[in-house]
Amino acid sequence: MSRVRIRRAAAAAVAALALATLPSAAHAAAAPAAGSGARHPHQQQDETIRQIVLQGAVNVRDLGGHRTWTGGQVRQGLVYRSDALSKLTDADVTTVSGLGLTKVIDFRIPMEVQYDGADRLPAGLSPTARPVSDLGLYGTLVGAIGSGDPVKQEQMLGGGRAEAYMRDIYRTFVTSPENRAQFAATLREIADGRQGPVLYHCTSGKDRTGWMSYVLLRALAVPEDTAERDYLASNTFRAAYDAKVRAGLKQSGRMQNPDLLIPLQEVRQDYLDSATAQLEADYGSFYGYLTQGLGLDLRTLAKLQTKLVR
């Protein structure tokens, strides 16, 4: 196999890992029962977490519905979080069109977009590229899976190295000026009263998107434990697909031990704690991260509350 074909195969595997390029049969196998998404695009996972059921993306949710400690409730239909939208079906695009989105923000880096593809969106809607660094994780996965070498894969991902990689990525959500600028710009746009419904996403909809959602919910006075549950819910929505991806990599012979990928596929409290510990160290408190780290003034924070909490 040529080097180009090897890299393409590896990239395809990484994309599948991120649930962006599963074969259509795999989508069908893990999809909800026929008709459940078409008639009821909002599926209630619990009393607050609302999934938008699609065939080509599995971690699409309305961020609304959560109660705040001030007695309010986050409005539904204004902010959505998602994994990549590059593999949406025609029916999915129709469902997304019904959300009335006016902006889609893509946190993926150019390499991810190159291999996974651009978002498939309703006519008249184009994604806004706002890349947030993954510290080279995507390229690392391409190299590890593409090598087909179990020793190399173990050296790269085993022995707690994958978990450490994830903790480092989460810390950069706080320490990187470039990352902070991307999150801050997104929050300012969401706060703008002239801005209609917004969806933001990365590849898997769990780390960069998960942190953005956690920060937004906390800024809206949603209790910390509720914001954490919303973050951890990605494991529920992604579990079946992630297991299918690991089985496919083993069956294809590209990985003898695909369980090495589990720390990269999952969200974990430990990862989130790495980011929150970093913001406490750098800014003293979550409020300090909002105002000093992200540069949000009190007016912007008040606008978020006015627009998104009822």
Side-chain angles (χ1 to χ4, degrees), residues 18-20 32 37-38 40-68 73-89 91-108 118-130 132 182-183 185-220 222 226-227 229-234 236-238 267 304 307-310:
L19 307 183
H40 305 286
H42 288 81
Q43 291 273 325
Q44 202 79 7
Q45 198 264 351
D46 63 21
E47 64 179 6
T48 55
I49 298 177
R50 290 161 58 91
Q51 182 189 22
I52 312 301
V53 178
L54 303 175
Q55 296 296 307
V58 300
N59 200 10
V60 187
R61 297 183 246 158
D62 186 331
L63 205 63
H66 295 291
R67 296 285 179 180
T68 70
Q73 185 176 30
V74 180
R75 298 179 191 273
Q76 295 175 341
L78 292 178
V79 180
Y80 297 89
R81 53 172 295 171
S82 176
D83 42 346
L85 303 176
S86 54
K87 301 303 175 184
L88 297 189
T89 66
D92 290 341
V93 173
T94 299
T95 298
V96 171
S97 179
L99 302 179
L101 300 175
T102 58
K103 182 175 272 300
V104 172
I105 297 166
D106 188 348
F107 292 141
R108 295 179 297 170
D119 291 337
R120 283 200 70 202
L121 298 173
L125 192 60
S126 299
T128 297
R130 192 165 286 163
V132 173
Q182 304 294 50
F183 293 133
T186 302
L187 288 171
R188 290 190 183 96
E189 287 183 344
I190 292 171
D192 188 343
R194 299 165 297 179
Q195 179 68 62
V198 173
L199 180 149
Y200 52 80
H201 75 86
C202 51
T203 291
S204 304
K206 66 183 184 72
D207 300 311
R208 291 161 288 188
T209 296
W211 177 248
M212 179 79 269
S213 301
Y214 176 81
V215 169
L216 176 55
L217 290 175
R218 291 284 310 277
L220 296 175
V222 169
T226 302
R229 286 197 299 272
D230 183 89
Y231 163 79
L232 292 169
S234 285
T236 299
F237 294 118
R238 293 179 49 86
V267 290
L304 280 171
K307 180 179 178 181
L308 296 181
V309 178
R310 62 178 175 86

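Given the structure is predicted, the values throughout are model-derived calculations rather than measurements. Sequence positions, counted from 1, serve as the residue numbers for this chain.
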**Q** Ignoring hydrogens and angles, tell me if any N or O in the side chain of Arg208 forms a donor-acceptor pair with the backbone of Cys202 under 3.5 Å.
**A**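 Not a single qualifying donor-acceptor pair exists.
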**Q** What's the spacing between Lys206 NZ and Arg81 CZ if we round to 0.5 Å?
**A**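 Output value for this atom pair is 11.0 Å.
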**Q** Is any side-chain heavy atom of His66 less than 4.5 Å from a side-chain heavy atom of Leu220?
**A**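 No; the side chains remain at least 4.5 Å from each other.
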**Q** Do Leu199 and Leu85 come close enough that some side-chain heavy atom pair is under 4.5 Å?
**A**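 Contact flag for Leu199/Leu85 side chains = yes.
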**Q** Can you tell me how far apart CD1 (Ile190) and CG (Leu216) are? Round to the nearest 0.5 Å.
**A**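 Rounded to the nearest 0.5 Å, the CD1-CG separation comes to 5.0 Å.
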**Q** Are the side chain of Gln73 and the backbone N or O of Arg67 linked by a donor-acceptor pair below 3.5 Å?
**A**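 Not at all, since once roles are kept as given, no pair shorter than 3.5 Å links the two residues.
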**Q** Does any non-hydrogen side-chain atom of Leu125 lie less than 4.5 Å from one of Val104?
**A**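 Of all side-chain heavy-atom pairs linking Leu125 with Val104, at least one is under 4.5 Å.
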**Q** Which heavy atom of Ser234 sits nearest a heavy atom of Arg61, and at what distance?
**A**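 Residues Ser234 and Arg61, closest heavy atoms: OG-NH2, 2.8 Å.
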**Q** Counting N and O atoms only, with roles assigned by atom type, does the side chain of Arg120 sit under 3.5 Å from a partner on the main chain of Gly56, one being a donor and the other an acceptor?
**A**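 Side chain of Arg120 to backbone of Gly56: no pair is present.
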**Q** Would the distance check show the side chain of Thr102 and the main-chain N or O of Pro197 forming a donor-acceptor pair, the cut-off being under 3.5 Å?
**A**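 Side chain of Thr102 to backbone of Pro197, a donor-acceptor pair under 3.5 Å: yes, one is there.
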**Q** Consider only side-chain N and O atoms of Asp92 and Thr95, and report whether a donor and an acceptor are under 3.5 Å apart.
**A**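 Looking only at side-chain atoms, Thr95 and Asp92 do not form any donor-acceptor pair under 3.5 Å.
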**Q** Is it the case that the side chain of Arg238 and the backbone of Ser204 share a donor-acceptor pair, with hydrogens and angles ignored and the cut-off at 3.5 Å?
**A**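 A pair under 3.5 Å: yes.
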**Q** Please state whether the rings of Phe107 and Tyr200 are parallel, tilted or perpendicular, taking 30° and 60° as the class boundaries.
**A**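 Answer is tilted, since the angle falls between 30° and 60°.
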**Q** Can you measure from CG (Leu88) to OG (Ser82) and round to the nearest 0.5 angstrom?
**A**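 Output value for this atom pair is 7.5 Å.
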**Q** Check whether any side-chain N or O of Asn59 sits under 3.5 Å from a backbone N or O of Gly205 as a donor-acceptor pair, and report yes or no.
**A**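 Yes; judged by distance alone, with no hydrogens or angles, the pair exists.
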**Q** Measure from the side-chain N and O atoms of Asp83 to the backbone N and O of Val58, and report whether any donor-acceptor pair falls under 3.5 Å.
**A**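 Checking the backbone N and O of Val58 against the side chain of Asp83, a donor-acceptor pair under 3.5 Å is found.
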**Q** Check whether any side-chain N or O of Lys307 sits under 3.5 Å from a backbone N or O of Gln195 as a donor-acceptor pair, and report yes or no.
**A**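 Yes; at least one donor-acceptor contact below 3.5 Å.
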**Q** Which heavy atom of Arg108 sits nearest a heavy atom of Ala84, and at what distance?
**A**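 Answer, listing the atom of Arg108 first, then Ala84: NH1-CB, 4.0 Å.
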**Q** Give a yes or no answer on whether the side chain of Ser213 reaches the backbone of Thr209 with a donor-acceptor pair at less than 3.5 Å.
**A**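 Confirmed, Ser213 side chain pairs with Thr209 backbone.
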**Q** When rounded to the nearest 0.5 angstrom, what distance separates CG in Asp192 from CG in Leu304?
**A**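 It is 10.5 Å, given to the nearest 0.5 Å.
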**Q** Are any of the side-chain heavy atoms of Trp211 and Asp207 separated by less than 4.5 Å?
**A**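 No; the side chains remain at least 4.5 Å from each other.
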**Q** Is the shortest side-chain heavy-atom distance between Glu189 and Val198 below 4.5 Å?
**A**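 They are not in contact (no side-chain heavy atoms under 4.5 Å apart), so the answer is no.
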**Q** Taking all non-hydrogen atoms of both residues into account, name the closest pair between Val222 and Ala227 and its distance.
**A**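 Closest pair (atom of Val222, atom of Ala227, distance): CG1-N, 4.1 Å.
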**Q** Are any side-chain N or O atoms of Asp62 and backbone N or O atoms of Gly77, one a donor and one an acceptor, separated by less than 3.5 Å?
**A**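 Checked: pair present.
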**Q** Quick one: pull up CG in Leu99 and OH in Tyr80 and give me the separation to the nearest 0.5 Å.
**A**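 Answer for the CG-OH pair, Leu99 versus Tyr80, is 4.5 Å.
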**Q** Any chance you could measure Ser126, atom OG, to Asp106, atom CG, to the nearest 0.5 Å?
**A**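 With rounding to 0.5 Å, OG (Ser126) is 12.0 Å from CG (Asp106).
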